[in-house]
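The next block holds one structure in the form of structure tokens; read it before the comments.
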Amino acid sequence: MASSYKSFQTIERLSEAIGQEVTLNGWVYDTTGKGKLQFIKLRDGSGIAQCVVFKPNVAEEVFETAKTLTQESSVRIVGTVRAEERAPGGVEVDVKEIKVWQIAKDYPITPKEHGDAFLMENRHLWLRSTRQHAIMRVRATIVKAIRDFFDGNGFTLMDSPILTPAACEGTSTLFETDYFDLGKAYLSQSGQLYGEASAMAQGKIYTFGPTFRAEKSKTRRHLTEFWMVEPEMAFFELNDDMDLAEDFVEYIVQTVLKHRQQELATLGRDITKLEKVKRPFHRMSYTEAVEWLNKNNVKLNKKQADGTEIQIDFPWGEDFGAPQEEAIMEQFEKPCIIHRYPSEVKAFYMKRDPENPKVALAMDMLAPEGAGEIIGGSQREDDFEALKERILSHDLPLESFEWYLDLRRYGSVPHSGFGLGLERTVKWITGAEHIRETNPYPRMIYRIQP
RNA sequence: UCCGGAAUAGCUCAGUUGGUUAGAGCAUCUGACUGUUAAUCAGAGGGUCACAGGUUCAAGUCCUGUUUCCGGAGCCA
């Protein structure tokens, strides 16, 4: 059915219009000439339709126009929809009229292979390709699932500022900018501290927006600008936090499976792996993980003073790197939460385990299939003295954190939260090779164009 | 920042031990074809071999430097 406020049909719903004359607007995805027959694959964002121009059936100038169409030329086509077995999708349009909006000349992205650098330089055009189109649709569905999950579970959206006066965890990895007469401002690398304040007002909140890290990371799972959703809950302890993270991730994956079957098929994603993402997930403590690594002979590469590398047993207290996380996840088909990391390697605001002060009440969720860490979270330190001492021992400027300490002065409660990286989640669920494909206009250390 | 790799037509690449006029497929243009799915067939145009310097009778090829890009590590989501 044509929408009531549009004078044309969308390709997505073309099969509902068999036998009818329709008007389509779109871009030419591909053409094939065959003498008196011209095939035009028309793309309108909602789908792709094969349109056929048969010389004896149309006016001379219509056929001549059809022959001039090039890849990504924009046109309006009027024709009759018919069922046709030989057409992709089972329907095609018998063309009667063509109006050219614009003829595209030398469109750079052809149906053949291209290199990564070339595609990234043409990201604004690459987005038109079927694979990128499918990834962006999955991304949009994940964003909606995130909002629906929290909105439907008593959370209030309380966005944190992007411009912040000081670091959450030190300034070395922050983008810096001038802020009028007030000195430097920084682009936020996490909305968490504000999220904690918001949770003390609303009980359960989430922040969802872009975050920025000036880390010189150059891997297939890092962006300098990425989206993060951060729930923060008053009265939640670590176990509640982990339970919520499991419910949340299960909901996201199952929602994508429900609504994006076609896109996952386009991407060639093995959905049987996603179907297994149901609670309960795996869980192990950091200490158990270290024992597992050493039992399974997963060594740590350690650089010596003379520059040579040696392999040693994994020492308790060291943070996991990519090789350790990959080794642990190889045995699992579902995500795994690792909790209670050594407090030394974790952030200042994380609460120490009262039963073992050497570990923090922190947790990371690792996704299977090599996707790696998608969630990092913790129970927060709620004791005024302990938090103040931690700020000082981390050489952080106390005056910048006075407002944060207020949360421990005025009705402090146990509370927890976590952050989920949107792009990493999209990468895992779509099976994309590189995180640059999961954001429409990715920002990376050596690329800011287009 | 560190380690490794690459740069030749619009794109993806080949180019032997340093040796004549640097090649292919796709894309573009011209022509043929009523069922193409990355159509096929015939023909045409298209090159500062990343940049700068050096070695040599001779450099796309060897050497030095620079730039850009790719992969990985660390850090993290």
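Reckoned from all heavy atoms, side chains included, excluding hydrogens, waters and symmetry mates. Here is how names work: the chains are called A, B, and so on, in the same order as the sequence lines, proteins then strands, and each is numbered from 1.
Aromatic stacking of A/Phe39 on B/rG35: not satisfied for centres closer than 5.5 Å together with planes under 30 degrees.
Geometrically, A/Lys358 engages A/Trp316 in a cation-pi contact, judged by NZ or CZ lying under 6.0 Å from the ring centre and within 45° of the ring axis. For the pair A/Lys346 and A/Tyr341, the cation sits on the ring face: its NZ or CZ lies under 6.0 Å from the ring centre, inside 45° of the axis.
Residues A/Thr156 and A/Tyr206 fail the side-chain proximity criterion, which asks for heavy atoms closer than 4.5 Å.
Nucleotides of RNA chain B nearest to A/Leu422 and A/His434 differ in position, and the one nearer the 5' end is that of A/His434. Where A/His114 and A/Thr32 meet RNA chain B, the nucleotide closest to each residue was compared, and A/His114 sits on the side nearer the 5' end.
In this structure, A/Phe226 reaches the bases: a heavy-atom distance under 4.0 Å links it to at least one base atom across the strands shown. Within the nucleic acid shown, A/Leu223 comes within 4.0 Å of at least one base atom, counting heavy atoms only. Nucleic acid contact class of A/Arg220 (heavy atoms, under 4.0 Å, all strands): sugar-phosphate only.
With hydrogens and angles ignored, no donor-acceptor pair under 3.5 angstrom links the side chain of A/Gln38 to the base of B/rG35.
If you take atom C1' in B/rG15 and the same atom in B/rU61, they sit 9 Å apart, rounded to whole Å. When the P atom is used for both B/rC13 and B/rG65, the distance is 27 Å, rounded to whole Å. Between B/rC49 and B/rG10, the two P atoms lie 12 Å apart (nearest whole Å). Nucleotides B/rU17 and B/rU12 place their C1' atoms 28 Å apart, quoted to the nearest Å. B/rG45 and B/rG23: their C1' atoms are spaced 16 Å apart (whole Å).
For B/rU16, there is no paired base (Watson-Crick or G-U wobble, both distances below 3.5 Å).
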